[in-house]
Novice: 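Quick one: structure below, then a few questions.
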Number of protein chains: 2
Amino acid sequence: MKSPNAILWQGCPARYAAGIFGDKWCFLILRDVLLHGKRSYSDFLNSPEGISTNILADRLSKLEAAGMLDRQVDPRKASRVCYFPTRKARNVLPALISMMVWSTQYDEHTEAPDSFAKAFKADPSGTIAWYEADIDRVDRDILSQS
Amino acid sequence: MKSPNAILWQGCPARYAAGIFGDKWCFLILRDVLLHGKRSYSDFLNSPEGISTNILADRLSKLEAAGMLDRQVDPRKASRVCYFPTRKARNVLPALISMMVWSTQYDEHTEAPDSFAKAFKADPSGTIAWYEADIDRVDRDILSQS
DNA sequence: AAATATATCTTGCAATATGCAAGTGTAATG
DNA sequence: CATTACACTTGCATATTGCAAGATATATTT
């Protein structure tokens with residue numbers, strides 16, 4: 001039974017965001033699906049951070065339950081599954097890129113070129129549009145082959 | 001001994017961000033210090049989410065080690081400690097508010113008024129400046145009483 | 001001065017999360 | 001028809017987390 005004083009991770013916008021981003025593995029899966037064109041279980045598994053299989057399965061189902069990922073059988077190969085970013089996930093791009101710009105400013109070992117932060121600061125919505133177009137391209141390539 | 005293949009949570013900007021924000025308690029402490037004017041251990045402790053004391057002590061020291069909080073004895077009362085947000089933490093405001101705006105859009109139980117997202121979308125840098133001024137006010141009030 | 005209160009941590013321990021290895025079921029491939 | 005690829009699932013040892021309680025140090029009240 002749930003305590004009457006239990007805090008639902010809703011209501012406060014920071015708390016709601018923390019409920020989804022306050023987990024490093026969810027965070028990195030969102031990076032991969034939004035920025036690196038990754039769509040399949042094995043794509044995520046092969047990211048350099050080395051997520052383990054049970055954790056990956058758990059986070060994929062959590063992100064699907066949260067309405068961030070749309071799980072579909074790959075039209076090119078029925079034994080493969082694709083996880084497409086939903087509109088809700090796509091709309092995270094401004095915040096995600098904002099955080100990454102901040103990181104490049106403070107991580108002394110950053111691998112990101114200066115041009116990354118520059119491009120976003122100069123033209124935020126244009127930069128977002130560029131990433132969205134990339135997502136569209138990846139998804140279209142997959143779905144056109146059904 | 002550290003494995004030679006260990007991933008340092010540096011280099012990739014998303015990974016660096018995940019190293020700090022990929023923890024819900026750090027996330028909420030940053031909300032409190034940047035948006036709610038909280039500065040002391042007991043301020044954070046009394047947030048509605050109910051962080052426990054060991055976790056709070058741990059996260060405060062991690063955020064201090066990460067250069068996000070500046071720990072200082074309260075000039076008004078030597079037995080009290082203040083945690084001030086550093087410039088590095090302040091510069092997280094655009095990303096944090098971006099995430100919160102996203103939350104208000106998708107959390108059906110959001111408590112945030114529409115005006116919050118509207119204000120930020122209409123004038124992002126003005127909104128940030130408003131929050132920074134609030135931080136300045138809180139910090140000045142404390143430090144002027146030494 | 002003694003008792004009480006406030007503020008900031010520590011410690012102990014149980015619950016939870018994680019990582020690794022191995023196994024399962026289904027579908028394509030040779 | 002055996003093999004491989006893919007997407008998980010399971011079991012289990014280890015690591016991390018979180019709650020409750022205790023500790024310490026100063027400040028306030030009586």
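No hydrogens, no waters, no symmetry mates; every other heavy atom, side chains included, goes into these values. Since this is a predicted model, take the numbers as computed values, not measurements. So you know, we letter chains A, B, ... as the sequences are listed, proteins then strands, and number each from 1.
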Novice: If you check every side-chain atom of N54(A), which of dT10(D), dA27(D), dG18(D) has the closest atom?
Specialist: dT10(D)

Novice: Checking only heavy atoms, does the side chain of T53(B) share a donor-acceptor pair with the base of dA23(D) at less than 3.5 Å?
Specialist: no

Novice: Tell me: CG of N46(A) to C1' of dA5(D), nearest whole Å?
Specialist: 12 Å

Novice: Provide, to the nearest angstrom, the distance between the CD1 atom belonging to I55(B) and the C1' atom belonging to dT17(D).
Specialist: 5 Å

Novice: Give the table of side-chain donor-acceptor pairs shorter than 3.5 Å for residues 50-59 of chain A, with sequence neighbours excluded, one pair per line with atom names and distance.
Specialist:
unit_1: S52(A); atom_1: OG; unit_2: N54(A); atom_2: OD1; d: 3.2
unit_1: D58(A); atom_1: OD2; unit_2: K62(A); atom_2: NZ; d: 3.3
unit_1: R59(A); atom_1: NE; unit_2: D23(A); atom_2: OD1; d: 2.9
unit_1: R59(A); atom_1: NE; unit_2: D23(A); atom_2: OD2; d: 3.3
unit_1: R59(A); atom_1: NH2; unit_2: D23(A); atom_2: OD2; d: 2.9

Novice: Tell me the interatomic distance from L45(A), atom CG, to dG19(C), atom C1', rounded to whole angstroms.
Specialist: 12 Å

Novice: Who are the ring pair (Phe, Tyr, Trp, His ring centres under 6.0 Å) partners of Y106(B), not counting sequence neighbours?
Specialist: W102(B)

Novice: Assess the side chains of D70(A) and T86(A): does a donor N or O sit below 3.5 Å from an acceptor N or O?
Specialist: no

Novice: Nearest nucleotide by nearest heavy atom, which residue falls closer to the 5' end of DNA chain C, K24(A) or V81(B)?
Specialist: V81(B)

Novice: Test of understanding: clusters of I, L, V, M, F, W, Y form through side-chain heavy atoms closer than 4.5 Å, transitively. Do F44(A) and V73(A) belong to the same one?
Specialist: no

Novice: What's the CG-P distance between L60(B) and dT8(C), to the nearest Å?
Specialist: 9 Å

Novice: Hey, is R39(A) close enough to D139(A) for a salt bridge, meaning N to O under 4.0 Å?
Specialist: yes

Novice: Taking CH2 from W25(B) and C1' from dT16(D), how many angstroms apart are they, rounded to a whole number?
Specialist: 15 Å

Novice: What nucleic acid atoms does S79(B) come within less than 4.0 Å of, heavy atoms only: base, sugar-phosphate, or nothing?
Specialist: sugar-phosphate

Novice: In whole angstrom, give the distance that lies between atom CG of D74(A) and atom P of dA7(D).
Specialist: 8 Å

Novice: Closer than 4.0 Å, any side-chain N/O of R59(B) to the OP1 or OP2 of dG18(D)?
Specialist: yes

Novice: Could you state the atom-to-atom distance from CG of L56(A) to C1' of dA7(D) in whole Å?
Specialist: 9 Å

Novice: dG18(D), OP1 or OP2 - any side-chain N/O from S52(B) closer than 4.0 Å?
Specialist: no

Novice: Specify the separation, in whole Å, of atom CZ of R76(A) and atom P of dA28(C).
Specialist: 13 Å

Novice: Verify the contact: side-chain N or O of R39(B) to OP1 or OP2 of dA7(C), cut-off strictly under 4.0 Å; return yes or no.
Specialist: no

Novice: Using a heavy-atom cut-off of 4.0 Å across all strands, would you classify D58(A) as base, sugar-phosphate, or nothing?
Specialist: nothing

Novice: Could you check whether Y83(B) gets within reach of a base, just the sugar-phosphate, or nothing at all, counting any heavy atom under 4.0 Å?
Specialist: sugar-phosphate

